[in-house]
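Since the structure comes first, as structure tokens, the remarks are kept for the end.
Because the structure is a prediction, the values reported are computed rather than measured. FYI, side chains are in, hydrogens and waters are out, and symmetry mates aren't considered; it's all heavy atoms of this structure.
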Amino acid sequence: MTSQEQKDDNTLLVVDGHSLAFRAFFALPVESFSNDAGQSTNAVWGFSTMLAQVIESEHPTHLAVAFDVKGGTFRNEMLPQYKGTRDAAPEELLSQLPLIQDLLRSLGVTYIEKPGFEGDDVIGTLATMGEQAGFRTLVLSGDRDAFQLVDERITVLYPGHHFKELKHMTPDAIVEKYHVTPVQYPELAAMRGETADNIPGVPGVGDGFAAKWINEYGGLEGILEHADSIGGKKGQALRENIDQVRLNRKVNALVRDLDLGVEVGDLTFGDVDTDAAKELFAKLQFGERTRNRVLKAFNCMPVADAAQESTPDAEEEPDAVLDTVSTKDELMRWAHEHLVTVSGGREDPATTGAEEHGEQGDQQSGHCADDVAQSWILSAEGDDRPGRASCASLTFMSADGHAVILEASAFSQDDDDSLHEGVAAVLDTYASQAAVHGYKEHSHMLASAHLPLPQPVLDTKLAGYLVHPDFHPDSVERAAEHFLQIESPAESKSSSTQGAFAFDDETAEGNDEERRQHEELLLRRAGLVYKLARYLAPVIDERRQLKLLTDIEMPVSSTLSRMESYGAAIDGERLVNMRDQFAADARQAQELAWEKAGTKVNLQSPKQLQQVLFEDMGLRHSRKTKSGSYTTNAAALQDMYLKSVDNERANTFLGALLRHRETNKLKQIVQTLLDAVNPRDGRIHTTFEQTVAATGRLSSVDPNLQNIPNRNAQGREIRSAFVPGPGFISLLSSDYSQVELRIMADLSGDEALIEAFRSGRDFHKYVASLVYDLPVDDITQDQRSHVKAMSYGLAYGLSTYGLAQQLRISPAAADVLKEKYFATFGKVRDYLESLVDTAREKGYTETMFGRRRYFPGLKSTNRQARDAAERGALNAPIQGSAADIMKIAMVKADQELIKAGLRSRIILQIHDELVVEIADGEQEQATRLVKDAMEHAVEIAVPLDVSTGLGDDWQLAAH
DNA sequence: CTTCAGACGTA
DNA sequence: CGTACGTCTGAAGT
């Protein structure tokens, strides 16, 4: 036998089980990987797909995985704190290690643990064994200690910044990166230390200096011999830490000659117990795709290889058949053949309207999964920004695997044979059974082509948001990656619908090929939506969120789409004047500040300000910012301003700085508004993000119209630039008072709080009279405001410390207030505690309408993270329920306005306020209608109080 | 050219 | 050491 040749073909892959599991755990969001039993699975998923990936790319013939064993090793005896940080591994990770081992066992992979030693030592030994047996050896590890093993025949595969992107650490690569040889690497590490393992190095010495010294003195021994001649702070630090460095070097040396009781030749793999593996994958609830990929990788042994490679891949994903239609008739025929449902007949579009009446039909009537089973996919590409939307193409993909792509030029309204009419008819008839990804965005794109889009059966973007409200994929591809673990080519991931492809540019060279590729991208995207729809629908059913989706979120999309395309009219001249005035004020303040500072310090640079304030002027710094520097925020400046009365220079500088901060900020806000005015209609079209805020609120971007100043007179002036547009007479502002508190009253069932709202009196005064046990008329302004702060603080999980700070009272006094408050409103305390308790138990919170938010952080071992999660869990159902109620109200108001045939229309939502543009003659009716919709959005134990105001601009509409 | 921190606007 | 957001700016990374 040519045994040497045989061995040359052999490749041994040695895997550091713990480090790989760690890397996977921290690289993948734990909240998006868990099965119904609540078991986290992100590390298992990452581990198995990573291993499959390496097997596919490196084709090892032998494989072994090393694990650490519980209990200390010889290293702990030398260095007690060794890997102290690792023992604090989160439970969510530790619980996955046995699963990984189960999986390896079912895949026929040898894994090795050696009590008293670390996985690293097992790896060192295995790698050495492999080398001696003449194997090419690969070490898959995220632990840099493994670098010392690297030589001509041993390569370390080391995860890069993105988990799964592996670097091949060869001797050359080590030298290139660290400027030392692999043999010298542990000497370098000994000086640098290893934070991940809780090993201190020489302070101030990093890779750079360590490498420099090693090269100067030939190695660690040389350095330590000449330690006295190394100058500077770093030399000093080195001398002070020589013992530590020596110890580090001993600790980080890997043992390479353990007796593991195995031979390299035994480490073959591929003897997969398919049934056991499939059972485990089912338990972990990994997708079919993951399962097949992993099984395939492990079955790909040379022996099994030849026998059955024929079929498995091809049938996995049948490509859709791309049909060609070029006339209205052809399109109609295609739609009738492929989009019509077979079973039970599709719902008549007329009956969808009837739903409005049977408002309180509260049962989970149908199943989303059933409706979606027959659905087809509608996907548009183009610009989805309101006010400048366009549509480049439309893709229809049917459930029976057919697809049509229509270019915009083919269905523009003026085309001869009315393909436009055909598309309109198809949408009118079949859209209600379509699934789309982004109903609102599609509405804009289609509206730009004069094609109305009725409510589809499912919006996968919204459904995905309900399923994981704190994950925001920015494209279909990202969503598919997240929910289905389907990887897409990088170039298609970035933009969601903004296809920059020019269909009509047919003269260019190589255009056919580009077109084909683009069509492929569109088909693949539609295919992903198809799969997302079929994955998400049953999840929505199982969580009973169908009504939340179809009766709240989807109609809200439709309302928002109208609001966005209306936009808000702007008095541009007024805005320009304000901008100039603010700019002049800011410049004046800046001049004065510069004069006092004696330097042209950039007032917008905290760093430069720190220099001037704390070093130049020698002012006392107050609080530190989280990164360690001293804050220059308004509160701190104000404080310093008040304390510097006897220092004219500093006092004037601070005053000028504060003025500059304020006016410059206002100038900046006004300028961004000006930049956002759409020249086509002189209006600002914001985009309301419906799938961003984890609590269920909307957010507003490009520009953000939900943070226009309102707290002081100067800033509030900006609101006067928001005016009724041509054809409208005034603006209506209608807002809820104390919604969140009212929700707390309802949900807690606290009789005293409910009564406080029902009484109709000044709420905070009334509550204060109960808390302090005094007649309402005797309540002082201080008492009222203290109780008010307490009430609002409740829903935020406010600490007594925070309350004390805000009210400028002692923590003890804050504590007394809190106790008095809860003595009066005991059920509120019970309720708030129950929120956190059930969140801890179930893993998520729920709003009045079943909107969920998950809080994995509640189980964190990190106190700060846990506290933050508790506050979140306290707040989410309250803020979220308020958001639900407002969404219901705005849909209702919108529909009622339309139904009444009014031209007045909602244009903005600011969490608890609606702004309505009022047409002449409709003031009273529209006001009544909107107020009514808000007040009666839901029936709860307390009245929903809504106050309204009409005015010539947004500021004047305030009340 | 992109990313981070710090600051600050809203409910 | 109170929740939820978005935007601008300077500074430092690529």
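Taking for each of A:Thr695 and A:Asp702 the nucleotide of DNA chain C with the nearest heavy atom, the 5'-most of the two is the partner of A:Thr695.
Set against B:dA5, B:dA11, C:dG10, the side chain of A:Asn602 has C:dG10 as its closest nucleotide. When distances run from any side-chain atom of A:Ile669 to the nucleotides B:dA7, B:dG9, C:dT3, the shortest one goes to B:dG9.
An OP1 or OP2 oxygen of C:dA11 is reached within less than 4.0 angstrom by a side-chain nitrogen or oxygen of A:Ser605. In this structure, A:Arg711 reaches the B:dT10 phosphate: one of its side-chain N or O atoms is under 4.0 Å from OP1 or OP2. Taking 4.0 angstrom as the limit, A:Arg853 places a side-chain polar atom (N or O) nearer than this to OP1 or OP2 of C:dA4. Listed pair A:Ser627 / B:dA5 fails the phosphate criterion, with no side-chain N or O lying under 4.0 Å from OP1 or OP2. Remark: A:Thr672 is not in phosphate contact with C:dT7, judged by side-chain N or O atoms under 4.0 Å from OP1 or OP2.
Contacts of A:Arg871 with the nucleic acid, taken as non-hydrogen atoms under 4.0 Å apart, involve only primed sugar atoms and P, OP1 or OP2. At the heavy-atom level, A:Gly802 lies under 4.0 Å from the strands shown only through sugar-phosphate atoms. When heavy atoms are screened at a 4.0 angstrom cut-off, A:Ala634 is found touching the sugar-phosphate backbone but no base atom. Contact annotation for A:Gln608: backbone-only contact, meaning every heavy-atom pair under 4.0 Å involves sugar-phosphate atoms and none involves a base. Counting non-hydrogen atoms under 4.0 angstrom, A:Asn707 reaches a base of the nucleic acid. Contact annotation for A:Lys665: base contact, defined as any heavy-atom pair under 4.0 Å involving a base atom. Using a 4.0 Å heavy-atom criterion, one finds that A:Asp867 contacts no nucleic acid atom at all. At a threshold of 4.0 angstrom between heavy atoms, the contacts of A:Ile708 are confined to the sugar-phosphate backbone, with no base atom among them.
Using a 4.0 Å cut-off between charged side-chain N and carboxylate O, A:Lys440 and A:Glu553 make no salt bridge. Using a cutoff of 4.0 Å between basic side-chain nitrogens and carboxylate oxygens, A:Asp884 and A:Arg851 are scored as salt-bridged. Ion pairing between A:Asp815 and A:Lys818 fails under the 4.0 Å rule for side-chain N and carboxylate O.
The minimum heavy-atom distance between A:Pro709 and A:Leu666, with the atom names listed, is CG-CD2, 3.9 Å.
Distance, A:Asn633 CG to B:dG9 P: 11 Å, rounded to whole Å. Atom pair A:Leu741:CG and C:dT3:C1' shows a separation of 13 Å (rounding to whole Å applied).
Aromatic ring orientation, A:His468 versus A:Tyr854: perpendicular (interplanar angle above 60°, classes split at 30° and 60°).
Nucleotides B:dA5 and C:dC1 place their P atoms 16 Å apart, quoted to the nearest Å.
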